[in-house]
Amino acid sequence: MNTTTARWFAFLESNTTGTGRQFCAAARARGMRPVLLTRDPDRYPYVVEDAVDTLVLDTADLAAVVEACGGLAEGSGLVGIASSSEYFVADAARAAAQLGLPAADGDAIARCRAKDLQRAALSAQGVPVPAWRAVGDVVAAVRAAQDIGHPVVLKPVSGSGSNGVRLCRDRVETEDWARRLLGRATDERGNTVPSLILVEAAVDGPEFSVETFDGDVVTVVAKHTGPAPHFVETGHDIPAPVDPGTVAELADTALRALKALGLGWGAAHTEIRRSAAGPGVIEANPRLAGGMIPVAVHAATGTDLVDAVIARAAGQDPAPAGGAGPRAAAHAAVRFVMAEDEGRVRAVTGVEDAAAAPGVLVATPGTAAGRQVRITHSFQDRLGCVVATGADTAQAGSRAESAARLIRIELEEPGTPAEGNGGR
């Protein structure tokens with residue numbers, strides 16, 4: 001393929017780890033030329049490594065994004081616009097719609113991304129959610145926590161990757177964390193954040209995610225999270241090792257949530273906790289899952305969700321879904337190498353050994369020599385990732401865990417970080 005004459009596929013920013021790189025590869029595989037619209041190309045090392053074209057602009061300015069994409073359309077031609085970043089999916093859809101390209105409902109996505117509006121919409125339609133309250137000051141946060149009953153979970157109304165999410169077990173913790181969250185002017189991307197946070201009841205029970213595409217359930221995923229008071233995801237099992245009745249219950253809850261939110265076009269990732277009272281929606285995300293879940297889904301089911309997202313946004317037919325192909329392994333697992341100390345990375349070793357371990361499909365570092373490691377109690381604490389397959393969930397998980405232990409992150413001056421620096 002001559003990439004200089006191929007039509008453009010524009011990506012509005014990207015996630016810095018996981019599938020961002022694969023989005024560009026999928027566009028190329030379909031004969032398109034990926035271009036990344038970004039404020040800071042240096043955030044994305046794969047751009048240089050994979051020779052991805054870039055346009056530098058203020059990606060928070062929708063008018064500037066539409067103008068840039070319009071210029072691409074007038075040149076070689078523009079096939080589609082998408083984003084693998086939680087923060088830009090709404091504007092990617094809005095820009096595509098303004099240019100007459102295939103797109104989801106950008107306004108519905110924006111409402112979904114505002115956690116208070118999402119909670120209100122789900123509650124109004126009878127979709128089960130934890131008791132909640134949106135508040136704009138510390139006093140109101142403490143009052144809401146007392147009304148709901150401790151423990152509670154505090155989180156920003158906008159955000160991603162567990163940034164700023166914390167379990168608060170009493171008044172002191174609630175007051176302290178509310179003050180920290182409400183004192184932030186910007187998020188980790190530098191975007192202005194609203195002076196509003198969510199206080200919600202803590203739900204005790206296993207966590208799952210339901211992966212859907214165009215309103216159809218692809219699979220149900222079991223999640224592993226780190227210790228309280230934070231909720232950082234440390235791994236995933238695909239499919240979730242639960243009985244068919246539970247799968248049906250979780251799937252039905254997710255589909256009800258998407259209908260209530262006006263979603264269903266393209267990919268969605270709905271997170272659910274199942275307590276003794278039944279399933280409750282923690283969050284519906286109007287985008288493809290992160291955390292290398294799509295890679296594991298492809299391995300376990302044969303369904304390539306990354307390719308499906310690109311195809312949908314380009315107005316093309318996705319590859320046939322299924323699990324009978326030679327690549328489908330029936331069971332897959334993701335495990336992350338988690339940061340244990342702070343400091344500058346001296347070396348990353350063991351990646352090749354991890355990649356060569358039994359059943360491993362992907363072993364990749366999430367950091368490199370010279371970079372600074374900080375404990376943020378968010379997805380940024382994941383310094384490496386392994387995806388493995390197995391005859392069953394237990395074997396896939398064991399293989400991924402064993403391989404992940406082979407990846408070593410050596411720090412120049414490691415030191416135990418202070419508690420409470422989440423959301424940086």
Side-chain angles (χ1 to χ4, degrees), residues 1 3 6 8-38 41 43-54 79-89 92 160-161 209 211-213 218-219 221 233 236 238 266-269 285-314 316 318-321 325 327-329 332-336 351 354-355 360-368 379 382 384-389 400:
M1 180 188 70
T3 57
W8 296 104
F9 191 106
F11 292 98
L12 184 57
E13 297 290 355
S14 168
N15 48 352
T16 52
T17 60
T19 52
R21 185 176 204 166
Q22 294 172 339
F23 269 53
C24 291
R28 277 182 170 154
R30 282 186 169 266
M32 296 171 277
R33 185 178 178 184
V35 55
L36 179 66
L37 279 59
T38 177
R43 288 180 61 89
Y44 312 108
Y46 72 83
V47 166
V48 174
E49 296 168 6
D50 298 350
V52 175
D53 290 279
T54 60
V79 177
I81 306 170
S83 181
S84 61
S85 170
E86 172 84 11
Y87 299 96
F88 295 92
V89 287
S160 178
S209 69
E211 311 308 323
T212 56
F213 193 85
V218 177
T219 193
V221 179
E233 294 174 2
H236 311 284
I238 302 168
H269 167 71
N285 299 281
R287 56 166 173 80
L288 189 64
M292 297 298 279
I293 289 175
V295 176
V297 169
H298 191 194
T301 71
T303 299
D304 188 344
L305 287 171
V306 173
D307 175 73
V309 167
I310 299 304
R312 193 73 168 90
Q316 300 178 1
R327 294 196 60 185
V334 181
R335 294 294 184 271
F336 297 105
V351 177
V360 172
L361 293 179
V362 175
T364 180
T367 189
F379 74 97
R382 303 193 298 224
C385 176
V386 171
V387 181
T389 60

Looking only at non-hydrogen atoms, find the nearest pair between [X] and [Y] and report the distance.
X	Y	value
Arg335	Ala400	CG-CB, 3.5 Å
Ala289	His269	CB-ND1, 3.3 Å
Ala299	Thr389	CB-CG2, 3.9 Å
Val306	Pro294	CG2-CB, 3.9 Å
Ser84	Gly20	OG-CA, 3.6 Å
Val79	Ala314	CG1-CB, 3.2 Å

Just how far is it from atom [atom1] of [X] to atom [atom2] of [Y], taken to the nearest 0.5 Å?
X	Y	atom1	atom2	value
Ile238	His298	CD1	NE2	12.5 Å
Arg287	Phe88	CZ	CZ	13.5 Å
Leu361	Met292	CG	CE	9.5 Å
Asp50	Gln22	CG	CD	10.5 Å
Phe213	Asp304	CZ	CG	10.5 Å
Cys24	Tyr46	SG	OH	4.0 Å

- Please tell me if the side chains of Phe23 and Pro34 come closer than 4.5 Å, counting only heavy atoms from C-beta onward.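 No, too far: nothing below the 4.5 Å cut-off.
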- Query: Tell me, do Phe11 and Ile310 make a side-chain contact under 4.5 Å, heavy atoms counted?
  - Reply: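 Yes, at least one pair of side-chain atoms sits under 4.5 Å.
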- Set of side-chain hydrogen bond (donor to acceptor under 3.5 Å, both in side chains) partners for Asn285, sequence neighbours left out: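 Scan of Asn285 (side-chain hydrogen bond (donor to acceptor under 3.5 Å, both in side chains), adjacent residues dropped) gives none.
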- Query: Can you list the residues that meet the side-chain hydrogen bond (donor to acceptor under 3.5 Å, both in side chains) rule with Ser209, with sequence neighbours excluded?
  - Reply: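 Scan of Ser209 (side-chain hydrogen bond (donor to acceptor under 3.5 Å, both in side chains), adjacent residues dropped) gives Glu211.
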- Item | Thr364 (side chain) donor-acceptor with Cys385 (main chain) under 3.5 angstrom |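 Side chain of Thr364 to backbone of Cys385: no pair is present.
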- Task: Keeping the roles fixed (side chain from Arg312, backbone from Ala267), state whether a donor-acceptor pair exists under 3.5 Å.
- Result: no
- Pair Thr54-Tyr44, side-chain donor/acceptor within less than 3.5 Å: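 Distance-only check fails for Thr54 and Tyr44.
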